There are 2 protein chains.
Amino acid sequence: MAVDKREHIMEHAISLFADKGFEGTSIRDLAQVAGVNVAMVNYYFGSKEKLVEAILEKKSSYMKDRIEELEANTNLSELDKIDALIEDYVNRILNGASFHKFLYKELMDTKRDVIHTFLNNSFARNTRNFSAIIQKGIDKKVFREVDPILTVTSIIGSISQVVVSKSMCNQLLLKPEGNEPYADEAFKQRLITHIKSMIHAHLLVK
Amino acid sequence: MAVDKREHIMEHAISLFADKGFEGTSIRDLAQVAGVNVAMVNYYFGSKEKLVEAILEKKSSYMKDRIEELEANTNLSELDKIDALIEDYVNRILNGASFHKFLYKELMDTKRDVIHTFLNNSFARNTRNFSAIIQKGIDKKVFREVDPILTVTSIIGSISQVVVSKSMCNQLLLKPEGNEPYADEAFKQRLITHIKSMIHAHLLVK
DNA sequence: AAATATTAAACAAACGTTTGATTAATTCAA
DNA sequence: TTGAATTAATCAAACGTTTGTTTAATATTT
C-alpha cells in the first residue's frame, strides 16, 4: 500500500497546488483532503518542497520524449509531425489540466530555485526541439519563413490559455459554472481543429 | 506624500507577488523591499488582501476601454482593429510584465474568491468583446469562418506565454540570464510581427 | 493643538516539521 | 504454522518559527 498512498497524496497535492498554489496549500489542508495524517507527507516525502520534486520527477518527462521521437522520425512530413504534436499537446494538457496549471505556477515562481530552473530548462528545451521541426520545414521550403520559436510559443500559449482558468473557460463556452470543459471531447476536438487550422494557414500560405 | 507612498508600496507588491506569489510574499518581505515599516501596509490598505484589491482597482480597467472603443469605431476595418489590439496587447503586457504575471497567478488561483471571480469576469468579457470584432469580420465575409473565441485565446495566449518566465524567454532568444527581454523594443516588434502574420493568414486566406 | 504618519514591540493564529507512542505488517527461527 | 522479533505505518500532540495584524508610543504635518 505504500506506493499507492504516495501517489494518492501526490494526486491531491497536484490539484490543491494548482488551485491554491504551493504556499497557499497547507500540509494540514492536503492531509485532510487526502484523508491522511499530517505527519504522512513528511514521512513519505521528507518535506513539502520535496513533495513537489517527487511530483515533477514522476510526471515530467512529459512531452520531451514525444517531441524527440517525432524529430527523429523520417517517415512523416514536417506538417504531419506538427499536427501530431498539436494533438498530443492538447490531449496531454487538457487531460492533466491541474498538473499543467501547477507546472505553470511553478514556472512563473522564482521562489523554489531548483524547481524554477528545472522547469525553465524543460520548457525551453521542448520549445526549441519543437521549433527545430518547423525550421526543417522552412529549410525544405515547404513552410513559409515564419518565426519558429514564436510559432511554437503560440501553439503552447493557445492551449495553456485555455487551461488557466476553468471558470473563464466555461464563461467563454457559455457553459454553466461547475462544468468540466477539459474533459469534454468535443471541446478538445474544437481546440485541435482551431490550432491546426491557424498553424496550417500560418505555415503554408503564400 | 501619502498617495506616493501608497503607490510605492503597490509597485513593489506587484513585482514581489509576480515572482513569489501572494502567499509566498510576506508583509515583512514587502516592507523591507519597499523600505517602509511593516505596519504601513495595514495602515494604508487595511489588510494584505485589500492591497491586492487596491492594485487591481488602480490598474485593471486595463484593455477593457480600448477594446470597447475600437468595437464602436466605424472608421476602421475589422482587420485594422485587430492589428491595433495586437499592438496594444503586446505593448501593455510586455511593459507591465510583472503586473500581468501577477494577474495571471490570481486568475489561476481560487483562494481569494472575490478577486478570482472579478478577474475571470474581466478576462472573459475582454475575450468576448475582442471576438465580437472578429465575428463582425466573418459576418461581412471579410474573414474566413474561424473560431472567434479561440482565435482571441491564441492571441492573448501567445503574448502571455512569453511573459510567463523571463529566464525561459531569455533562453529561447539566446540572451544571457539577467537580460530584460520585455523592455527590448526589437523583441516587442518581433512578437507583434509574428502574431499579426499568423492571425492575418488565419483570418484572410482561402 | 489636532490630525496624520511612523515606529518597535507584541499578539494570536497558522505554519512546516518533529517527536514518541501505538498499531499494523513483515520476517523468520523453531 | 506458530509466535516472538523487527520493521513500517500511523497517530495525536507538541515544537519553534513565521505569519498577518494590532497596539500604544512617538514623530511629523497641517
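This one's a predicted model, so the numbers in the text were calculated from it and none came from an experiment.
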In whole angstroms, how far is the C1' atom of D:dT18 from the CD atom of B:Gln32?
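These atoms are roughly 15 Å apart.
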Send over the distance from B:Glu23 CD to C:dG16 P, rounded to a whole Å.
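The answer, rounded to whole Å, is 11 Å.
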Compare the minimum distances between each of C:dT6, C:dT18, D:dT21 and the side chain of A:Asn42, then state the nucleotide with the smallest one.
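The listed nucleotide nearest to A:Asn42's side chain is C:dT18.
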Sequence neighbours excluded, the answer for salt bridge (Lys or Arg N to Asp or Glu O under 4.0 Å) partners of B:Glu57 is none
If only side-chain N and O atoms of B:Lys48 are considered, is one of them under 4.0 Å from the OP1 or OP2 phosphate oxygen of D:dT19?
no
B:Met40 has an atom CE; how far is it from atom P of C:dT7, in whole Å?
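Going from CE in B:Met40 over to P in C:dT7 covers 6 Å.
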For B:Glu68, I'd like to know if atom CD has over 12 heavy atoms of other residues, nucleotides or ligands within 6.0 Å.
yes
Any side-chain N or O of A:Tyr44 under 4.0 Å from OP1/OP2 of D:dT10?
yes
Between C:dA14 and A:Ser26, is there an OP1 or OP2 to side-chain N/O distance shorter than 4.0 Å?
no
Between C1' on C:dT17 and CD1 on A:Ile27, what's the gap in Å once rounded to a whole number?
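Going from A:Ile27 (CD1) to C:dT17 (C1'), I get 7 Å.
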Side-chain N or O of B:Asn37 less than 4.0 angstrom from OP1 or OP2 on C:dT6?
no
Whole angstrom is fine here: how far is it from NZ in A:Lys5 over to P in D:dA9?
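It works out to 10 Å between those atoms.
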Is a side-chain donor or acceptor of A:Lys50 paired with a backbone partner of A:Phe45 at a separation under 3.5 angstrom?
no
I'd like to check the salt bridge (Lys or Arg N to Asp or Glu O under 4.0 Å) partners of B:Arg190; sequence neighbours left out, ordered by chain and number.
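For B:Arg190, the residues satisfying salt bridge (Lys or Arg N to Asp or Glu O under 4.0 Å) (neighbours in sequence not counted) are A:Asp147.
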DNA chain D: 5'-proximal contact among A:Gly35 and A:Arg28 (nearest heavy atom)
A:Gly35
In whole angstrom, what separates A:Leu30's CG from C:dT17's P?
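It works out to 12 Å between those atoms.
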d(CG, A:Asp4; C1', C:dA25) in whole Å
15 Å
Could you check which of C:dT6, D:dT10, D:dA12 has an atom nearest any side-chain atom of A:Tyr43?
D:dT10
Test applied, side-chain hydrogen bond (donor to acceptor under 3.5 Å, both in side chains); reference residue, A:Glu106; option that passes from A:Lys111, A:Arg112, A:His116
A:Arg112
Would you mind reading off the distance between A:Phe22 atom CZ and D:dT19 atom P, rounded to a whole angstrom?
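So the two atoms are 14 Å apart, to the nearest Å.
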